[in-house]
Amino acid sequence: MSPLTHPAHRSAMHAPHDQSRCPLMPTYGAPQVQFVRGEGVRLWDADGKGYLDLLAGLAVTGLGHSHPAVAEALYQQAQTLVHVSNLFGTEPGWQVAVTLDRLLGGGGQVFFANSGAEANECAIKLARKWGGRGKHVVVSALGSFHGRTLATLHATGQPQKHEAFQPLPEGFRHVAWNDLAALEAAIDPSVAAIFLEPVQGEGGVNPATVEYFEGVRQLCDERGLLFMVDEVQTGLGRTGEWFGHQHFGVKPDVVTMAKALGNGVPIGACWARADVANAFEPGDHATTYGGQPLAAAAARAVLAVMEAEDVPARATRAGARLTALLEADPHVAHVRGLGLLLAAQLADGIDARAVAAAALERGLVLNAVTSSALRLAPSLLITDDEIDEAVATLALAFTDTETAS
Ligand SMILES: Cc1ncc(COP(=O)(O)O)c(C=O)c1O
């Protein structure tokens, strides 16, 4: 066992009194587990212990870990062409853009990025270029999450995350979630775009209502604003539709995505209606890696498997089973979310963080999205047996937590 994988060394490395020995910046809490391998919905740690992964890298590995089609695509592309500058054309990215545009209903164009925050930066810059000087404000919702770069941090409607990094870039405004009147009141001639998630993921798995999204679309049409939707967490089948906004029957002007697109290979994308995308001119926006052949080949394979497996339908079915089983447990007050982006709101007095820790101990990976709710966002290919096993393990974790308290 290497010194870095030995639990004693790990805890020593992350001991608060000895941060200087850890090679990583202290931006994340001390990890409880170091994973070394994954396959489908299973993970293994450095000591060979197996885990059932109900989190999928926070809604990233939609096809499960080490999907063979993605691994093969990476292998083939790595032997063919990994990278050239975006000054030149390459085939995989072009094909991914065509597929994404089709899944979004057509009539748009795509800019590739490397992450969700960068896809959102593209959307924010596009809104500013489209709006022109003086019409640059982006209105987003309280409780939202849009990323950690300075602009996307300010778009994120969680003021407590802003304070340490003030001053943040100007041009962001936040309104109450699912409240059309509050949104309307925030609109003035300086506003270029409304930017919302179909389901607030990091904010606690809170879906928008149909009336809200319909109302926002109408408001944007009446006031000449862009409706931009952040599908970084909700996109690509997770909610039971290809994109979360499709539950609400509206067509946004701009859609961003990342997470599931590469099944773990970093790639993000910003799609916009072609006439909006055409606000950009050569030189307005760029990235070295975005859309490079290696990442795009992974995304091309991901989309092919997703379409072949009809992942939206699978997410709907699996989500219904998971919801029903969780709601049958007396420790769960209710389950909210769409498809396979779910939060189990726990009964009064149960500490979600303690339950998540007990579940991890028992080999089940999930996340306390709030102090009283667990987030479940497994692979969209999860089987019924795996769902049943996960819920049975969670029941044991509830008992462990009760015994400990
Ligand atoms: C809705 C949403 N937008 C943006 C982001 C940021 O994505 P990234 O961490 O890839 O920059 C996230 C990440 O959780 C997200 O959930």
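These values consider heavy atoms only, across backbone and side chains, with no hydrogens, waters or symmetry-generated copies. As the structure lists them, so they are numbered: ligands from 1, and atoms in each ligand from 1.
- Salt bridge status for Arg42 with Asp53: absent, with no side-chain N to carboxylate O gap under 4.0 Å.
- A side chain to side chain contact (heavy atoms under 4.5 Å, CB included) with Val302 is found for one member of Val70, Leu236, Thr61, Leu261 and no other, namely Val70.
- Using a cut-off of 4.0 Å between Lys/Arg side-chain N and Asp/Glu carboxylate O, Arg273 and Asp101 are scored as not salt-bridged.
- A salt bridge links Asp388 with Arg321: at least one charged nitrogen is closer than 4.0 Å to a carboxylate oxygen.
- Remark: Ala272 pairs with Leu126, Val254, Val276, Ala277 by the side chain to side chain contact (heavy atoms under 4.5 Å, CB included) rule, at least two apart or across chains.
- Aromatic rings from Phe111 and Trp271 are positioned such that their centres are separated by 6.0 Å or more.
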Under 3.5 Å, N/O to N/O: give me all the pairs between ligand 1 and the protein, one per line with atom names and distance.
unit_1: ligand 1; atom_1: 3 (N); unit_2: Phe145; atom_2: O; d: 3.3
unit_1: ligand 1; atom_1: 3 (N); unit_2: Asp230; atom_2: OD1; d: 3.3
unit_1: ligand 1; atom_1: 3 (N); unit_2: Asp230; atom_2: OD2; d: 2.8
unit_1: ligand 1; atom_1: 10 (O); unit_2: Gly116; atom_2: N; d: 2.8
unit_1: ligand 1; atom_1: 11 (O); unit_2: Ala117; atom_2: N; d: 2.8
unit_1: ligand 1; atom_1: 14 (O); unit_2: Lys259; atom_2: NZ; d: 3.2
unit_1: ligand 1; atom_1: 16 (O); unit_2: Gln233; atom_2: NE2; d: 2.8

